[in-house]
Every structure is written in C-alpha cells, then in structure tokens.
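One structure is given below, encoded as structure tokens.
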Amino acid sequence: MKLQDTLSNSEQELDISKKVRIYLCGVTVYDESHVGHARTIIVFDVLRKYLEKKGIELEFIQNFTDVDDKIISRAQTEGTTAEEISTKYIENYFKDFDGLNVKRATNYPKATEHIDDIIKFIEKLIEKQIAYTTKNGVYFSVSKFPEYGKLSKKKIDELQSGARIEIDEAKKDPLDFAVWKFSDIKPIWDSPWGKGRPGWHIECSAMSIKYLGENFEIHGGGRDLIFPHHENEIAQSESCTGSPFAKIWVHVGMVTINGEKMSKSLENIKSIKHVLKNWGPNIIRLFCLSGHYSKPIDYSEDLLKENLTKWRQAETCYYELIHASSENHEEINPIVKKASTEFDNALEDDFNTHLALSAFFQLVREGNRLAADEKLGKEDAQIIKIELQRMLEILGLSIPEMTENEKQEIDNLIENREQFRKEKQFEEADKIRDKLNKMNVELIDHKVNTIWMKKENIKAEN
RNA sequence: GGUACUCUGGCAGAACGGUUAUGCGUGAGCCUGCAAAGCUUAUACAAGGGGGUUCGACUCCCUCGGGUACCUCCA
C-alpha cells in the first residue's frame, strides 16, 4: 500500500512484512468532539480495518492528552479538577466514537499515566545537552537539531522573523519549546527540576516510543498538527534516540464548513452527538470517506444528503440480497470480482476511499439491478453478499440487526397485507403498509413476492 | 509576508499527452392496484485566466489570479 508521506512529500510504500505499528495523535480531552475529529479518526479506523482484513497484524496506539492548559482553565471555570474534566471527556469520547462504529485502539495511553516515562525522556535530552532548564521550565533547544523544520518545510530563520510566539526572555531562542513547565497549580508532579507538568509535545514522543519502539511505520493526525506538534515530536525523538522516528507521516485534511476550518474558536463546530442524532453513524462515515484523506472536505447538508441517498441504495441492496429466494443463476462472479478488485486497488493506491466507495456502490447497483429484473437468485445473492459484507466491515458501515420476533411480526403483517391485496381490498392493505412504515419498515413489491427492509431512522436535519 | 496544499460539468470526484469517467442532482420511461424503493435511459458550454512546448494538453512548462491550512492552542 502506498501512502502520502508528509516528511518526504511523496508516496511511500507501507512495509507490511511484519507487524504494522501506527500511532495516531488523538484529542485533548476538554470538550465535545466534533466532525473534524471524527474524520481523522474514521480515516485511521478504516485504514486499520482494511489492513486487518488482509490478515496483517498491527498495533494501533492513540493517545489522550489529559494534561493541558485548556483542561486546567476549563476545570477552573467549572470549579472542578482537571482530572474530573479529562475523565468526563474521555468517557464522552468513547460514547461518541463507539456510536460512530470506530473500533477501539490497541491502547489509549494518557499523558498523566506516563509522567515517569516523560521525565526519563527529558533526562536523556538534558544529558545530551539538547534541553536546558530556565526559571520557567525545561526547554528543548531547537538549534541543537539541525533538521528542525524538515516536516513542515519551514526554514528556521523565517520562523524566527515571523514569530508571534510570546516572548520569554529566559529562553535561549524564541523557537525553543517547553518539555516541562514549572507550576504550582494542580495537576503537578515532582521532577528532578522542580514541580510542574509536561509540555504538550513530549508525551507523544515518550508514549509512541514506549509502545511502538524508536521507529514505527505510521504516525498520523490532522493536518493542523504538522506544525508545531509533529515537528517538535520529531526533533525530540530523533535527538533522544539518534534514529529516524516514524517512517510515514499521514496527515488528514481539515473538515471545513462554508469553506472555513471547523474549530471551536470559530464557533462553527458540529458535535458528534449532534450529527449522530441527525444522521447516524453510516452517513457520517460515508461523508468522512467521500474525499481523499489528504484534502479538505466541506461539511454541507447537500453532501450529507447525497450520502444518505447512496446509503439507502446500499440498504436496499442488502435486503434484496438476504431475501433472494429464486433458483436463477447469472454470470455474477466477474462482476463481484471486478468490484472487489477495484475496491482494494483504490485503497492500495494512497488509500483512495472515494474510489473504493465507487466500487462499493457499483456492487450495490449490480445487486439492485438483478433484483429489479427479478433475476436475483439465492446462491448468486449469497456470493454478492459475502463481498458486500466484507466491504461494509472495512468501511465500518452497519445495517441494524433485528430480532427474530421483529422479523416474525413483519412477516405476519406482510402476509395479512398480501391477503387484502389478493382480495383487492387496497385500503386495508395500505393501512398495513403505513403501519410498517411507522416502524421504519419499507416494502418492495416484486412480481412474485414482497420483501421488507428495515431502514435506519435518519432525521436528515443539519 | 513566508510555507504547504489546492482550483475539472449545478454539486462531489477520477484517469489519461489524442477515447463517454463515475456518482449525486435534473428530465423521461419501466415496474406497481396505487405508492415507495429500485431499475433503464437522457442530460452537462467541464477544466481559474493568459501564454508556451506539441501534429495534438484537462494532463508538461511559465506566468497571473482565487481558495484553504499552517506560521499561536487545534484532529
């Protein structure tokens, strides 16, 4: 599989000859997660599901930043502790992302649970004279890392001239960044240099190396993390270990809304709770996968509606497949094979989810076409269904399961309606259909039979 | 101001130096007791502007312009 690597600014082949190790920069837990977060995490969710489906072993680490100025200030305004805030939003995070059908990572390390590792990491940096102590904290000396700027393609001197970084006289260089901040305000920990808390970037260096080793396959996150976060991570990690850090840097484009980045400060966020309530997980996932991961996508009702239309087609296909009962046979193997190959090829080629979705919907259309022509045989349907299900699993899309009782009830109602139809009592028949509609069950009248589909209840409101 | 990315039909989004992308939307039709769903079919001046290379450019080069992101916390 080829992936666009920010560091080399070129496509790089992912090494799948051994366990694939992935580190994804997760969220700072101080507030609701929104669609922007969802996109990055869903992209990685599909990536790992695809690799796992291929039988590739992988380790997927995603951190929680649970110590940070924003958490602390939030705790102060709410009159509570930082720990309570982060705990609350971690729980909240899992509620949201379970709802989005995101598979749990191998591990979700937290900064606060790795203070010892962070301190050891800083000690090494000091030992190597790459970090130094001031009255405010411990700082990483950017000038000690000549390759600084290689990820974000920034020139150090240009950064300095344009720097709007707050002036700290104690620092040797305005670009130097904190790895440890002295503080008396909780949460604080003891360190060889004084009480305080870790800087933002150091946790990811310490934790990724701890769990994945000094050099691992993929390090990812949102595009907005390239600078300074990932740049600083590289500087710290490579200075500390003396070896190259992550092999491929994958950055996911921003979700915009009316062309502007979705972010809390612009007050244009759509929370995951909100969109989950109005659109459900499948539409949101389809939306997040509708463009190439490296490019921005614009959140709009039109686009969501388009995905809803497509999802309805997929649902229809699924129900046509499971209800197929004829003994008819068509030449379907080449069709299934084609869709399957196109799906995989699209993902192998820089993880082009849009093209993969095209292949998926191509298969959906084939299924629906056969059904519409009354040519969908039982065995053929099974063959299509196996492939469709494979794609659904990789994409993380799911059709709600129904209990046997529900199915039985539906079948009974359909039978009643059939009786009325035969007797040309259409009013009575339509009453039953309306009743089923209210249960989100839609009917498809075929020539020989009537099948039902349980449609996901989607408000489709923005 | 700097850096990166980006600019294809109403919208989303591909490939390719010379062939219809495709999907959504829209129109028509089929199916149906009627619907719904689905299917079939049609539809689009498409390439940000201007130059150049070429027999031929959406695809290569130059230039001008627009957009977004980052340069401060940010997925």
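Per chain, numbering begins at 1; letters A, B, ... match sequence-line order. Below, each value reflects all heavy atoms present in this structure, side chains not excepted, and no hydrogens, waters or symmetry copies.
Close to rC34(B), at under 4.0 Å from its OP1 or OP2, lies no side-chain N or O of Lys424(A). Contact check, Thr28(A) against rA75(B): a side-chain N or O comes under 4.0 Å of OP1 or OP2. The shortest distance between the side-chain N/O atoms of Asn9(A) and the OP1/OP2 oxygens of rC5(B) is below 4.0 Å. The phosphate of rC24(B) has OP1 or OP2 within less than 4.0 Å of a side-chain N or O from Gln313(A). For rA69(B), the OP1/OP2 oxygens have no side-chain nitrogen or oxygen of Lys153(A) closer than 4.0 Å.
Under 3.5 Å, the side chains of Glu233(A) and His219(A) contain a donor-acceptor pair of N or O atoms.
If you check every strand for non-hydrogen atoms under 4.0 Å, Ser300(A) touches nothing. Residue contacts shown for Met262(A) include a base, since a base heavy atom lies under 4.0 Å away. Contact annotation for Arg433(A): base contact, defined as any heavy-atom pair under 4.0 Å involving a base atom. Counting non-hydrogen atoms under 4.0 angstrom, Lys295(A) reaches the backbone sugars and phosphates but no base. Nucleic acid contact for Ser358(A): none, since no nucleic acid atom lies under 4.0 Å from a heavy atom of the residue. Residue Val252(A) is out of contact with every strand shown, counting any heavy-atom pair closer than 4.0 Å.
Using bins of under 30°, 30° to 60° and over 60° for the plane-to-plane angle, the ring pair Phe351(A)/Tyr293(A) lands in the tilted bin. By the 30° and 60° cut-offs, the orientation of the rings of Trp249(A) relative to Phe245(A) is tilted.
Only the P atoms considered, rA15(B) is 25 Å distant from rA69(B), to the nearest whole Å. Across rA36(B) and rA21(B), the matching P atoms stand 32 Å from one another, rounded to whole Å. Comparing rU41(B) with rG52(B), their C1' atoms are spaced 43 Å from each other, to the whole Å. For the P atoms, the distance linking rA28(B) with rU19(B) amounts to 33 Å, nearest Å. For rU8(B) and rG48(B), the C1' atoms lie 10 Å apart once the distance is rounded to whole Å. Nucleotides rG9(B) and rA47(B) have their C1' atoms positioned 9 Å apart, rounded to a whole Å. Atom name C1', nucleotides rA57(B) and rA46(B): the rounded distance is 15 Å, in whole Å.
The partner of rU32(B), taking Watson-Crick or G-U wobble pairs whose two distances both stay under 3.5 Å, does not exist in any strand shown. Base pairing of rU41(B): its partner is rG27(B), meeting the Watson-Crick or G-U wobble criterion (both donor-acceptor distances under 3.5 Å). In this entry rU54(B) has no Watson-Crick or G-U wobble partner, no candidate having both defining distances under 3.5 Å.
The base of rG25(B) lies outside donor-acceptor range of the side chain of Asp302(A), with no N or O pair under 3.5 Å.
Considering only side-chain atoms of Thr40(A), the nucleotide from rA12(B), rA75(B), rC34(B) that sits closest is rA75(B). Of the candidates rC70(B), rA36(B), rU40(B), rU40(B) carries the atom nearest the Arg369(A) side chain, counting heavy atoms from C-beta on. Considering only the side chain of Phe227(A), rC71(B) comes nearest among rA4(B), rC71(B), rC34(B). Among the nucleotides rC24(B), rA75(B), rA35(B), the one closest to any side-chain atom of Glu306(A) is rC24(B).
Taking atom NE2 of residue His354(A) and atom P of nucleotide rA12(B), one finds them 11 Å apart after rounding to whole Å. The nearest whole Å value for the distance from the NZ atom in Lys375(A) to the P atom in rU40(B) is 11 Å. The separation between Ile297(A) atom CD1 and rU6(B) atom C1' is 15 Å, rounded to whole Å. Between His292(A) atom NE2 and rA15(B) atom P there is a gap of 9 Å when expressed in whole angstrom units. In this entry the distance linking OH of Tyr293(A) with P of rG13(B) reads 16 Å, nearest Å. Per the geometry, CG belonging to Leu266(A) stands 14 Å off P belonging to rA75(B), to the nearest Å. The nearest whole Å value for the distance from the NE2 atom in His34(A) to the P atom in rA75(B) is 7 Å.
Between Lys338(A) and Glu342(A) there is a salt bridge, since a side-chain N of the basic residue sits under 4.0 Å from a carboxylate O of the acidic one. Using a 4.0 Å cut-off between charged nitrogen and carboxylate oxygen, Lys2(A) and Glu348(A) do not count as a salt-bridge pair.
When Lys88(A), Lys273(A), Lys270(A) are each tested for a salt bridge (charged side-chain N to carboxylate O under 4.0 Å, His left out) with Glu32(A), only one passes: Lys273(A).
Here ring-ring contact (aromatic ring centres under 6.0 Å, His included) pairs that include residues 442-462 of chain A, with residues two or more places apart or in two chains, are Tyr319(A)-Trp452(A), His323(A)-Trp452(A).
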